[in-house]
Amino acid sequence: MAFGAFATAAPPTEPAPRRRGLIALWLLLPGLLYLAVFFLAPLIALVMTSLQAPREFGDIGQFDYAFRWENYLEVLDGYWPHVLRSFGYAAAATVLALLFSYPLAYFIGVKLRRYPLWQALALTLVIAPFFISFLLRTLAWKQVLSDEGPLVTALQAFALLPADAHLTGTPFSVIFGLTYNFIPFMCLPIYTSLERLDLRYVEAGADLYAPPASTFWRITLPLSMPGVVSGTLLTFIPAAGDYINASRDFLGSTDTAMIGNVIETNFLVLQNYPAAAALSVVLMAAILILVSVYVKRSGTEDLL
Amino acid sequence: MTIQAGAAVADAATTPPRPARRGFRLGVGRWGLAIYAIIALVFLLIPIAYTIAFSFNDSRRTNIVWRGFTLDNWLTVCNSQGVCEAFGNSVLIATVSTVIATALGTAIAIALVRYRFRARAATTLLLFLPMATPEVVLGAGLAAQFLSAGVQKGLGTIILAHVMFCISFVVVTVRARVASLDPALEEAGRDLYASPAQVFWRITFPLLLPGIIAAALLSFALSFDDFIITNFNSGPVVTFPKYVYTAAARGIPAEANVIASAVFLLAIAIVIVAQLTAAARRKRMGSTS
Amino acid sequence: MTHKFDEAGADLQLDGITKRFPGFTAIDDLHLSIPAGSFFALLGPSGCGKTTTLRLVAGLEEPTDGRVLIGGDDVTATKPHQRPVNTVFQSYALFPHMSIIENVAFGLKRRGVKDAATRAHEALALVELDHLAQRRPSQLSGGQQQRVALARAIVNRPALLLLDEPLGALDLKLRRQMQLELKRIQSEVGLTFLHVTHDQEEAMTMADTVAVMNKGRIEQMGAPEELYELPRTAFVATFLGQSNLFTGPIATASASSIVVDVAGRRLEVPRDRAQRHTGEVTVGVRPEKLLLHTEEPAPAAGVNILGPGRVVDVSFSGVSTTYLVAVPGVGVVTVFAQNMVFGPVVNEGAEVWVSWRIEHGFGLSDEPGAAVRFDADADTESIAQQRLQQLEAEAEGA
Amino acid sequence: MTHKFDEAGADLQLDGITKRFPGFTAIDDLHLSIPAGSFFALLGPSGCGKTTTLRLVAGLEEPTDGRVLIGGDDVTATKPHQRPVNTVFQSYALFPHMSIIENVAFGLKRRGVKDAATRAHEALALVELDHLAQRRPSQLSGGQQQRVALARAIVNRPALLLLDEPLGALDLKLRRQMQLELKRIQSEVGLTFLHVTHDQEEAMTMADTVAVMNKGRIEQMGAPEELYELPRTAFVATFLGQSNLFTGPIATASASSIVVDVAGRRLEVPRDRAQRHTGEVTVGVRPEKLLLHTEEPAPAAGVNILGPGRVVDVSFSGVSTTYLVAVPGVGVVTVFAQNMVFGPVVNEGAEVWVSWRIEHGFGLSDEPGAAVRFDADADTESIAQQRLQQLEAEAEGA
Amino acid sequence: AQGGNEPPKPAEDKSDSDKRLVWANWPGYMDEDDEGNYPTLERFIEQTGIDVTYNVDVDDNNTYYAKVRDQLALGQDIGADTVCLTEWMVARLVRLGYVQELEHDNIPNIKNLTPSLADPDFDPGRKKSLPWQGGFAGIAWNVDELPQGLASVSDLWAPELKGRVGVLSEMRDTIGVIMLDEGLDITDFDDADFEKGLDVFREHVESGQIRNVKGNAYLEDLANGDTLAAICWSGDITTLNAEEGREKWKFAIPAAGGTIWNDTFVVPIGSTRKTNAETLMNYYYEPEVAAEVAAWVNYVTPVVGAKEAAAAIDPALAENQLIFPDDETLSTVHAFRTLTSAEEQKYGSDFQSVLLGA
Ligand SMILES: Nc1ncnc2c1ncn2[C@@H]1O[C@H](COP(=O)(O)OP(=O)(O)OP(=O)(O)O)[C@@H](O)[C@H]1O
Ligand SMILES: Nc1ncnc2c1ncn2[C@@H]1O[C@H](COP(=O)(O)OP(=O)(O)OP(=O)(O)O)[C@@H](O)[C@H]1O
Ligand SMILES: NCCCCNCCCN
Ligand SMILES: [Mg+2]
Ligand SMILES: [Mg+2]
């Protein structure tokens, strides 16, 4: 099924590479050049911007190239809680999305194998959120979670939520939104891994005295690890940089601002480009470090 | 523990009958997961159901409070200013970006799997980075670049940006497929008198097609739904997510819900039709045996 | 739940087992009893239900009907991990994410055996792969993988070991060596082996009891020699080794033998070696029991003679040479002759007679007219048939 | 570039072919010449370079050194699709996205043959699969897939057909039928077949010429009988069929024969059947050439006698029975006896002598002390060796 | 990214051949009928043949500026030929040379401009800008939940409103009314005064008293009940009530005073349809037209003569203090003083720090 393929499962047998030279070059060149121009160059420009200094007697938003590394100290000093918060929220959302998605992906990938029609339908429903705009579905949740919305009303009616408590604008709603919005990115790679999972391994486990739980931990889960890893990455990375869910216009409020919101504010409201750029570089570096440690430790290094 | 075979045989008569336990085994394990899956899917559909429901809301300017059922929004979608134009822009952008990104990404994926070259590790990193870069960073960086290059922002810059972030996803998706493609098939093609071009178009390409289609769909979805990067690089052009974002400030018109609902229903319909045809074909094939 | 891990094997009993897949009955009311410590081989054409039988025993499949007893205990409702049974899977099913040694130690660790690593290494040493203990399965050749699968099962010393074509990937030489090894383990440890194979020679040399399965049923079962020397159906006669079969009406029947009229020739078979004694009957004889004569042998009591015929094909296969002799009206007769000397005894085109001692013949139980049928691949069968008919026609013409 | 599609086959010549993979020499200075229209079998242990050789011929691999000539033309620099060669791949390599008929017609269409569909159907009919023409490969069984692969190659009537274990997935019965069929096609159409197999019997029954390959080199090559009856190396003697090998110093050597002293026993071998005539020499004899005696035979000219020994194992394998006889000081001797009668001639534990006619022995070229080594799986070899030693020790003890 | 050093050149006017116009504006700033059409605008289109696209694109001055500043800096089209932003932002645009000079000859009705607005410090002589609507920032509350009503900004800090208060992301309005409530003068203050106001603000943000800080989207929070009271803009509440069909919310200028501001037309530097924009401005400076808009949007009109025209429609309208404030009303509202760009940078970033919870 369509989105299935994005698990980065290590290919079973990477065939012996043959013939080098020109063909490879022609295949690679256009795409890589493209990325060099539209990804690498801006990235370098971004690093340069992050070192700019305000123009003397300049107006708001006017800066000059310089080597003002203090920008980094300043943003880190001012916004380190946001960096931590972003990673905290992203990690929480990733864990929740994983817990939510794995059983679902397992059901679709393994239990529905014999019913291709149902499998395709269920998979479509998983990716259904893709078809409704990210913003619309977040707004929909905002309405569902709002103080006079059905959920709060119901929870309060059953006294599960204090009368003056609310859900929107809280860390809960932000993490909830992040989780919801990235579930398809978590579910699909796991599904792909599980869909390819050879059930004979599971049978062999059972044959070798592993009870179901043990079979799961020692065989099913490790074999679907490539899917889990790529799912968690595809969830964690964008979640850490997201600014929509935590935005005050969507599910967040002033005390839920994430690093993405800080970057957005500096870039869009305060016209403080060096600060925004420095924060971007910090965010990216932090993500790269976290990801490489994670990928190393999970033993799925052939990530892409 | 050692138990004599003979002794074990003697126990046979006292072994209790079994059917009761088997029923239990069928019960919990199998249905527990199914029930969870159904609940999970329902949960995933909540905002979609909400969106669809409110596409029938007899709203005025804001579409927050239920005011009664109407079909008007569906019948006059394009009357509301800009919705259809924004939607059209999004479709156009997503289509063009998808075509370009899929072509570029597929080529890279093939090269990565089938050829060994020196800058392989660097290439892999370059492909991973865009996926590892938060969208704000991508959007802001590219916007700054366009600004200093004096490029007029518009459809063109949006497409350039979208192709950039779609390529990596295409590579990952197609690469898995290329890797699982048995090179012996291409060799068989060559052995059977097919020239290199014929081998590509008659064997490699059709076999990669499912992967390529998956990549294209993913790419389309990512592009169609992108807001953050688009917002930084779109200039005056309004895309559907951008429209929604702006409209969110003053209340989303029900027409936006109509568009979103229509896209959703269309996608579901396509999948169902495709699957039913496939099932029918399977059945036909099966019965010829 | 405690497991039984007998140092000796346990006996296995299948009691009226039936397994139906949607729209397909794979096993049909199967009764089978394998005594503890024996080496039992299950033989049959592809798709006849061998693997399914093993899966039912291992608990990986639930029978639609019937009971499975291991060591006398009804385990029908027991989960696979609770059965004192291990399987060497047809596809190995080695865990790709574990090293070889981890694979082998897996079962022991699950049972909480203390010196799991040591034992695993011993088992690996047994299959001569201890030096590869740290590799991953994908880094081994097919034959090596199969040996790891064997070690992984054997190390648990299960009461019952199920082997699903455990040597299929090995070449003849390695295969023979592993057979010796398996047999040694089995007899030393006294485990019960249930061995599925399509290599008849393997089945016959290794097993105490051989069962030939066809379409979900056991067609015949017994000691290898017994099965080979006295097949009861055409299926067994042709599936297990080769046979020359002749069909015709009973001409005379005495207390000690029956005589079948095959295109005017009278072939005698001892009465106690014939399943049916009236009507149209198929009788047969193994190719190695035939003697080739270049001159017409004198009729003698206790000997069947066919001929003259013409040698239409001579093929050397090392140990022996196969002669195809076309006997007009009867068909093509296959003769094996051990190569005690160099070169063929007769050449293509020679006129020959064949003879065999009456006690080597056998009479089958098949109804006349009911063609010998094979499951899935029946269609290729006819290729050879055509070819034989063609040879025959040529011979006739000559 | 025009192709040659001879109605008859073309001859193939490999001229000093070497193929090195990074860090591994798969083929080492290989010279090979296969006459047009012949059926050539390549035999060898796993990993010895058989598939690589075929790939070099097909053009799917470029030789590091040497030339490939087909029908006298140097095709070394030619692309695969330009060579009049087709391959039946070890893994079938059927195109999964095409129907069976499309698969078979693929090559014809590429060459612009007009009645591609008709011809493809004919080829399918030949392998008895025409009724499945519209299916996809995934809907066929392994054996059926293999037959499609065969049809896909044969339909092109290539001058040279390369077969890489084309029957590996079939069970014995089907395999023998397909062998007949292949042989028929080959001789009818007169194509040149280069057939890779690890089934020795298959190689010997089908091929005009058999080559035994080891570690990238041809170890011995010749007509099947020739190779079997007079192996020149221990590798060939044990890889192709079984052999009893005895090593010892030359005791006496005359113009007609050499005599080897094996633990005090004198074994004679005709001089022209021995590769070396001095020093430490290994001589051998095939198990089927041995006779078992329950009483010591009288020494006779032209006969080698070993014994007394003890029967340590009797195993029935249908057509014949294998006896292992442990002769103290000499080792275990294997004897095959065709089951012309029921039951074993002697039983385990019996005291026996074995004898063979001098002209059935052979002397090998191997240097003394150079152990018989096998490529990848050499290690398992020793299992059997150990086992034999063990049996021997037991026998000695008894 | 940086603003160019050279101010960009105005685009060439093609209004003669291009009878179109794109107008970007805030929500709730245009008269609307039941079908959601804009009557005055339709009449304009009919009269002049200029096809106007009215985009409700502005939610907040800063975010709108951020969206268009790159194009402005390059002198490119921003997707609007005229836009109504608040004076302080207009001041920035004028300073940076991002707007075009208006041809007063094309706007004869400029004579109707309220004299007090005719000569602001940032644009002497109104050469580059023209007011659209003015208004106050004050407080509003949900009558269902708070029948007793609110009188001052301090009332928003009542414990029972914890987590149910919304304030504006417009720094000058939110900090402005808070400073007034603290007894500070917003027409003349220093950093310390600003800090005081900001501290109060920060305290209530951090305590969770304030639920959210938004641009014009604060209306949604009021509508869905997330907030029960808010600092808000005067006319919006009338519009919200109109939609609800009853007086569910009430607006008041706080006891200590509210802010007053003007949203002002400008023609961005990249627009090629300046004349069309001027024609539009001229049209909306007709007293009758102005009155009709005012009657709907409930904001202060800068057009002299509109009051009379409104009286002709409905005498009560002419007395509406939100539209035609008398001197007494005007004495309760104050304009936030002009900031230097350094101050703007500093105050802005302090304010945003609070919003980001930093
Ligand atoms: N899940 C299933 N659904 C339907 N039919 C099945 C299923 N599993 C097996 N079968 C059928 O049951 C029959 C027996 O299968 P089984 O695997 O036991 O054959 P086998 O004797 O092991 O064959 P082989 O020698 O090819 O391994 C086959 O005809 C197969 O097609
Ligand atoms: N691309 C390669 N790089 C390195 N070594 C290779 C490569 N391809 C093959 N080899 C090695 O070359 C040797 C010959 O391989 P080949 O496939 O020809 O063996 P084979 O005789 O066909 O074996 P089998 O009977 O198992 O199919 C093997 O040892 C193999 O490991
Ligand atoms: N609904 C129209 C609101 C207009 C608000 N303008 C912003 C003024 C900021 N002081
Ligand atoms: Mg099987
Ligand atoms: Mg090979």
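Chain letters run A, B, ... following the sequence lines, proteins first, then strands; residues in each count from 1. Please read all numbers here as calculations on a predicted model, not as lab measurements.
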Could you verify whether a donor N or O on one side chain and an acceptor N or O on the other, from His162(B) and Thr98(B), lie under 3.5 Å apart?
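Judged by distance alone, the side chains do not pair up.
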With a 4.5 angstrom heavy-atom cut-off, which part of Phe95(D) approaches chain B: side chain, backbone, both or neither?
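Both the backbone and the side chain of Phe95(D) come within 4.5 Å of chain B.
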So for Leu94(D), is it side chain, backbone, both, or neither that comes closer than 4.5 Å to the heavy atoms of chain B?
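Contact with chain B involves the backbone of Leu94(D) alone.
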Region of Asp191(B) in contact with chain D, defined by heavy-atom distances below 4.5 Å:
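Both backbone and side chain.
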Angle class for the Phe39(D)/Phe193(D) ring planes (parallel below 30°, perpendicular above 60°, tilted otherwise)?
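Ring orientation, 0 to 90° scale: tilted.
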Leu124(D) side chain near Ile101(D) side chain, heavy-atom distance below 4.5 Å:
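Touching, per the 4.5 Å side-chain cut-off.
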Check this for me, if you would: do Glu187(B) and Arg55(D) make a salt bridge, where the nitrogen-to-carboxylate-oxygen distance has to be below 4.0 angstrom?
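The answer is yes: the pair qualifies as a salt bridge.
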Would the distance check show the side chain of Ser38(D) and the main-chain N or O of Pro35(D) forming a donor-acceptor pair, the cut-off being under 3.5 Å?
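Yes, the answer is positive, given that a donor and an acceptor are paired below the 3.5 Å cut-off.
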Residue-level interface, residues 194-204 of chain B with chain D, non-hydrogen cut-off under 4.5 Å:
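Expected list: Ala194(B), Ser195(B), Pro196(B), Gln198(B), Arg202(B), Ile203(B).
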Give the intermediate values and the outcome of side-chain contact (heavy atoms from CB on, under 4.5 Å) for residues Val85(D) and Ile70(D).
CA-CA 9 Å; Val85(D) 169; Ile70(D) 297 176; 3.3 Å; yes
How many angstroms lie between atom CD1 of Ile154(D) and atom CG of Leu191(D), to the nearest 0.5 angstrom?
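So the gap between those two atoms works out to 7.5 Å.
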